[in-house]
Student: 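This is the structure I want to talk about, given as structure tokens.
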Protein chains: 2
Amino acid sequence: MKVSKSERTRRTIVEAARKLFGEKGFDRTTVREIASAAEIDPALVIRYFGSKDQLFAQAAEFRLDLPDVTNVDRSRIGEALVQHYLAVWEGEAGTGGLPILLRSATSSETAAEQMREIFLRQVLPAVRAIKGGRGASRRAALVASQLLGVALCRYILKFPPMVAMPREMLVVEVGRTIQRYATGEDATEG
Amino acid sequence: MKVSKSERTRRTIVEAARKLFGEKGFDRTTVREIASAAEIDPALVIRYFGSKDQLFAQAAEFRLDLPDVTNVDRSRIGEALVQHYLAVWEGEAGTGGLPILLRSATSSETAAEQMREIFLRQVLPAVRAIKGGRGASRRAALVASQLLGVALCRYILKFPPMVAMPREMLVVEVGRTIQRYATGEDATEG
DNA sequence: GTCTATAATTCGATAGAC
DNA sequence: GTCTATCGAATTATAGAC
């Protein structure tokens with residue numbers, strides 16, 4: 001077989017860790033729970049990953065995989081971005097990197113640092129590609145604030161109206177905000 | 001004297017708890033630390049408040065104290081709201097209720113429930129007062145998502161451009177977003 | 001009212017048998 | 001490569017002296 005047994009065990013551990021870190025955050029997730037969920041011995045978790053922190057770093061690692069916005073209507077870039085993120089977040093069903101990081105970044109400085117990295121390396125360049133200039137970093141920060149705010153209210157805090165809101169409505173409403181932040185201009189419906 | 005010694009001790013404990021919960025979240029703050037900061041014995045914390053959870057519930061309690069928007073220009077309601085929140089958040093210097101809740105609500109279900117309560121009892125009625133109708137709860141959720149997103153990026157995650165952004169710029173930029181969400185119409189500069 | 005001492009758990013991590 | 005057994009430290013919470 002192509003993957004060794006130990007490699008399969010590693011993946012099982014990371015999978016269980018993703019699920020639990022994403023549900024309860026770093027602090028409330030124990031190595032013992034992860035091991036139990038993966039149906040292996042707790043000692044193996046440490047043996048494979050060195051420490052709980054290093055396991056978290058691997059479990060929380062993810063790429064934003066920004067959509068290619070060079071081919072979409074310039075007046076619909078905002079909608080395209082929101083559409084993309086919602087699809088990613090809702091597709092990953094709690095196992096994705098963002099919920100994991102978001103749940104832990106409010107109390108873990110290393111997780112917060114990981115989020116700043118993502119902002120700097122992935123969000124900022126994307127916004128800069130849409131429209132460069134001196135205000136790009138500020139516009140990127142505004143974009144991030146709105147997108148993370150939606151993720152927070154919809155997936156973590158679960159505000160009922162935000163959970164119930166259809167995806168298409170979010171795409172339109174939040175899309176206009178993102179459009180204005182990213183391009184620096186208003187999205188006048190056309 | 002009007003306040004008993006025990007009452008002063010209680011207040012000292014809550015004050016220290018506010019500071020620490022706001023800085024590190026619920027899980028990473030220990031009763032021992034709180035007691036040490038308050039310069040009293042750890043056992044007293046439990047004696048006065050029963051448990052760490054009950055102490056947190058008291059420390060995180062806060063009112064949004066919404067501004068009276070009945071007297072401001074209808075076209076500047078968004079700006080007024082952002083101005084108000086920024087002033088409150090930045091004035092409280094980490095001792096306010098929102099940073100405390102925000103830091104803990106991502107991993108504590110009871111803290112998340114407390115945030116939903118605040119949304120339901122304070123944000124929703126405020127938005128409804130600006131413009132009622134069937135979509136009020138959705139508009140309130142959008143307002144909350146943007147405001148919480150800003151708080152998250154500026155005070156918790158500390159995205160550099162968001163931290164560096166002058167308050168007045170946030171008031172204008174985010175104000176237009178809030179204006180649109182709250183009133184359902186665009187804020188055309190006049 | 002305040003403190004000392006400690007109970008009772010639980011945690012991450014390690015050592016070593018198999 | 002996997003498990004048993006356990007270490008050492010830290011936690012909340014309690015009991016009881018002063």
Side-chain angles (χ1 to χ4, degrees), chain A residues 1-60 100 103-104 106-111 114, chain B residues 1-60 100 103-104 106-111 114:
Chain A
M1 54 186 170
K2 299 183 72 172
V3 290
S4 63
K5 180 153 191 209
S6 68
E7 185 54 34
R8 272 191 290 123
T9 305
R10 277 187 76 94
R11 291 184 193 178
T12 309
I13 294 172
V14 171
E15 206 171 318
R18 276 218 165 89
K19 178 169 157 55
L20 288 168
F21 282 141
E23 284 172 3
K24 319 199 300 176
F26 181 82
D27 290 323
R28 305 213 168 179
T29 301
T30 68
V31 173
R32 289 166 150 83
E33 280 175 321
I34 294 169
S36 173
E39 292 180 322
I40 50 101
D41 192 272
L44 284 184
V45 176
I46 303 298
R47 178 169 175 85
Y48 279 128
F49 295 92
S51 71
K52 184 185 174 182
D53 285 87
Q54 292 175 53
L55 170 57
F56 179 82
Q58 285 209 20
I100 299 178
R103 262 196 210 282
S104 302
T106 53
S107 62
S108 157
E109 182 50 38
T110 66
Q114 215 163 331
Chain B
M1 52 184 171
K2 296 184 71 173
V3 291
S4 63
K5 180 151 189 215
S6 68
E7 185 55 33
R8 272 192 291 120
T9 306
R10 277 187 77 94
R11 290 183 194 179
T12 310
I13 294 172
V14 170
E15 207 170 318
R18 276 218 165 89
K19 179 169 156 53
L20 288 167
F21 282 140
E23 284 171 6
K24 318 198 300 175
F26 181 82
D27 290 323
R28 305 215 168 177
T29 301
T30 68
V31 172
R32 288 165 147 83
E33 281 174 321
I34 294 169
S36 172
E39 293 180 321
I40 49 102
D41 192 271
L44 284 184
V45 177
I46 302 297
R47 178 172 175 84
Y48 279 129
F49 296 92
S51 73
K52 184 185 174 184
D53 286 87
Q54 292 174 53
L55 170 59
F56 178 82
Q58 284 208 20
I100 300 177
R103 261 195 209 282
S104 301
T106 53
S107 62
S108 156
E109 182 49 38
T110 67
Q114 215 163 331

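Here is how names work: the chains are called A, B, and so on, in the same order as the sequence lines, proteins then strands, and each is numbered from 1.
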Student: Mark yes when over 12 heavy atoms from residues, nucleotides or ligands other than B:Glu109 sit less than 6.0 Å from its CD; otherwise mark no.
Tutor: yes
Student: Heavy-atom distance under 4.5 Å between the side chains of A:Ile100 and A:Phe56, does that happen here?
Tutor: yes
Student: Send over the distance from B:Ile34 CD1 to D:dA13 P, rounded to a whole Å.
Tutor: 11 Å
Student: What is the distance, rounded to the nearest whole Å, between atom CG of B:Leu44 and atom P of D:dA13?
Tutor: 14 Å
Student: Would you please name every residue forming a salt bridge (charged side-chain N to carboxylate O under 4.0 Å, His left out) with B:Lys52, sequence neighbours left out?
Tutor: none
Student: Could you state the NZ-P distance from B:Lys24 to D:dA10, rounded to the nearest angstrom?
Tutor: 13 Å
Student: For C:dG1, take OP1 and OP2 only and decide whether either is under 4.0 Å from a side-chain N or O of B:Tyr48.
Tutor: no
Student: Tell me the interatomic distance from B:Arg11, atom CZ, to C:dG1, atom C1', rounded to whole angstroms.
Tutor: 18 Å
Student: Can a salt bridge be assigned to the pair A:Glu15 and A:Arg11 using a cut-off of 4.0 Å between side-chain N and carboxylate O?
Tutor: no
Student: Mind calculating the distance between CD (B:Glu39) and C1' (C:dC3) to the nearest angstrom?
Tutor: 15 Å
Student: Whole Å only: how far is the CD1 atom of B:Ile13 from the C1' atom of D:dA13?
Tutor: 15 Å
Student: What one-letter contact string describes nucleotides 11-18 of chain C from 5' to 3', where B marks a base within less than 4.0 Å of any protein heavy atom, S marks contact via sugar-phosphate atoms alone, and - marks no contact?
Tutor: BBSB----
